Amino acid sequence: MSGKLTRQFLIYGAVCLCILLVPVVVDDAFLLNKYARYLVFGMLAIALSLSWGYAGILNLGQATTFGIGSYCMAMFLKLKTVPVHTGSEGLPDFMVWNNVTELPWIWVPFQSTTFSLLAGILLPALFAALLGWFIFGGRIAGVYAAIITLAVMVVANLIIIDQQSYTGGFNGITDLAEFSFLGIDFDAYSASTYYLVAASLTVTLFLALAVSRSKTGLILQAVRDQEERVRFFGYDVALYKTFVFALSAGIAGLAGMLYTIVMEFASPTFLGVPLSLSIVIWVAVGGRQSLIGAMLGAILVTGVQGALSESEAFLETWTLIMGGLFVLIVLLMPKGLAGAIEALVRRLPQAGNGRSARHTEPDHRPETHPNLGGTQ
Amino acid sequence: MDFVVSQILTGLSLSSILLLVALGLAIIYGVTGVINLAHGEFVMLGAYGAWLLQTQFGWNVLASLFVIFLAIALLGWLLEATVIRHLYDRPLDTILATWGLGVMIQQIVRLTAGGELRYVQMPPGLSGSVDILGATDSAYRLFVLGVALGLFALTWSIYRYTTFGLKLRAITQNRAIASSFGINSGQAYRATFAYGAGIAGLAGALISPLKSVSPEMGTTYVVDAFMVVVLGGVQSLMGTLASSAVLGEASGLLAYFSNDTIAKALVLVAIVIIIRFRPQGLFAPRVRA
């Protein structure tokens, strides 16, 4: 077990090191910006892998908390813009166009750097905790919970578009100031921003790994496989689920903040169904029960997408290909690429440490036994 | 008085659309346990079907209803046979697979019919308005209400009074034991899925003269329909009927005092709070744990 853990740490560390070293090789600011975007998506994939792969909570609205984080950062940076871009009395330009006369109360705290940075992580987490309390406290699970997360996102998206004078509506919040923190300027097209994103990704990945390896992580996996039994053991299942749901939301919020820095705007599309679907696809492709698999899945898929979308014809059919690929993966490879690789390694006869390989966990297929209880 | 009547009529019109869209979803979920996220796309395809038949062949909506029902039901049958039937043991994965299928359908429509908004004309005989207790309402909206109720009654009767319905109820209660009594549950599932899809198509065609038709229109409908099913309680057709009525009237009333978006948000918040305390839904008669 400990040997396996060391190996896992080594693999995770090596991947993160490779990611951190990219700017040494790549000198193109445009490319770095693009790669930073992929890394942000990697963080989103980690967030979903935690809740879906480890706790069995399929969050179809992961983009909700991502969007909240990104709007927090955008509001903060908008208030930092030089007066040229803002209207009279320091009001953001779109508010002036919408005849808003003073800064709305929800915007006021975002004048503070500390508040904004904390809010980008804590607001999504609190939001998720509240939602989780209602969903999991009511013992809503499985498909039900999944659709509620989707419904919440659709409505959040509608509200942001509707409340134009406070949120910039359909156009989102644009013309942002450059993010600078502790004396460092994070220009979207610079190595410093890339390092910021890559470092956040590394911290997130190891934090997620630590959680998944902790006792809490084990209980969560038990909840995923047999929720009733864990409840009979006396664990407060709803509390554990709410915790991981909020943690996942906090990570998504952080990713959202970074995305605003990288993209230099925030838009209602960040809370959109297409993005949420993409997150689920990345994680499914990479392997939901592997944090690093999910992360690399995101980077791989968005990377391929980025390369293909250079040509007009592919851009049109990309969504179609993605949908088809997704259906095939769900049908044939429920554990994604990481699962396939793991199975391949396990099948290698006695290669390397064959002993520990034989002790790896059996396939979890909890739902395959005949359903005699009549539930579900 | 006029205000009350017209407000009730507005709510009823919303309710009838909700009922139409939710009925197919409710049947499929109730019987097979599959949340069909491609349901909205079936609705969208139905609307495009009405548009296509109207612009190409000059059919009016009423004439095209039956053809659209058959076409979308056939599509549902095919999708069940190729994809869904492999996933009955993995309920979460059915969401994913149907979501993927929905995205593909949406993109295919966008690539073939174009992304712009389309409009379908009302059938000429029903484009007028009718006076009811001092308030006026569009004849077509009343017609849609009638069709929704009719379809519901038909579905209810099939479920309640036919041999096929009896088999469905047996499978819903316990698939394994029903199978051991010789009921072909695979076949029943496929028929259910096709029927649910067909109704979704029908709903889309009926809605098309009232709303603009676009490839993205399905997403909001599937969310609305799901809220109806959640509030009404799973496996309860009467619950679906009741919650469509409640949600439609509530949305109509809230929208009168604010706007559609705020109304939708408030309804969602209410539903999330309700399921915390009544997870089985408002109208579910009893729960088997």
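Letters A, B, ... mirror the listed sequences (proteins, then strands); counts begin at 1. Since the model is a prediction, treat every value here as computed from it, not as a measurement.
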Trainee: Out of B/L96, B/I84, B/V83, which one pairs with A/L331 under the side chain to side chain contact (heavy atoms under 4.5 Å, CB included) rule?
Mentor: B/V83

Trainee: Which bit of B/I105 comes within less than 4.5 Å of chain A, counting heavy atoms only: side chain, backbone, both or neither?
Mentor: neither

Trainee: Tell me, side chain or backbone of A/V273 under 4.5 Å from chain B's heavy atoms, or both, or neither?
Mentor: both

Trainee: With side-chain contact (heavy atoms from CB on, under 4.5 Å) as the test, would you mind laying out the steps for B/W99 and A/L60 before giving the verdict?
Mentor: CA-CA 10 Å; B/W99 206 6; A/L60 298 184; 3.4 Å; yes

Trainee: Using a 4.5 angstrom heavy-atom cutoff, name the option from B/V269, B/T98, B/T219, B/L268 with the most pairs to chain A.
Mentor: B/L268

Trainee: I'd like to know whether CD of A/E228 has more than 12 heavy-atom contacts from other residues, nucleotides or ligands below 6.0 angstrom.
Mentor: yes

Trainee: Assess whether atom OH of B/Y189 is packed by more than 12 heavy atoms of other residues, nucleotides or ligands within 6.0 Å.
Mentor: yes

Trainee: Would you find more than 12 non-hydrogen atoms of other residues, nucleotides or ligands less than 6.0 Å from A/R229 atom CZ?
Mentor: no

Trainee: What is the distance from atom CD1 of B/I262 to atom CD of A/Q163, rounded to the nearest 0.5 Å?
Mentor: 4.5 Å

Trainee: Answer yes or no: are there more than 12 heavy-atom neighbours, outside B/W77 itself, under 6.0 Å from its atom CH2?
Mentor: no

Trainee: Just give me the residue among B/V103, B/I271, B/V222, B/T94 that pairs up with chain A most often, heavy atom to heavy atom, under 4.5 Å.
Mentor: B/V103

Trainee: Are A/K335 and B/D93 within salt-bridge range, i.e. N to O under 4.0 Å?
Mentor: no

Trainee: Quick check on the interface: out of A/L150, A/L277, A/V155, who has the most heavy-atom pairs with chain B under 4.5 Å?
Mentor: A/L277

Trainee: Within this structure, what is the CG-CD distance for the pair A/L320 and B/Q106, rounded to the nearest 0.5 Å?
Mentor: 11.5 Å

Trainee: Side chain, backbone, both or neither: which part of A/W52 has an atom under 4.5 Å from a heavy atom of chain B?
Mentor: side chain

Trainee: Using non-hydrogen atoms and a 4.5 Å limit, figure out which bit of B/I95 sits close to chain A: side chain, backbone, both or neither.
Mentor: side chain

Trainee: Which heavy atom of B/A97 sits nearest to which heavy atom of A/V327, and what is that distance?
Mentor: O-CG2, 3.7 Å

Trainee: At their closest point, which heavy atom of A/A151 faces which heavy atom of B/M227, and how far apart are they?
Mentor: CB-CE, 4.1 Å

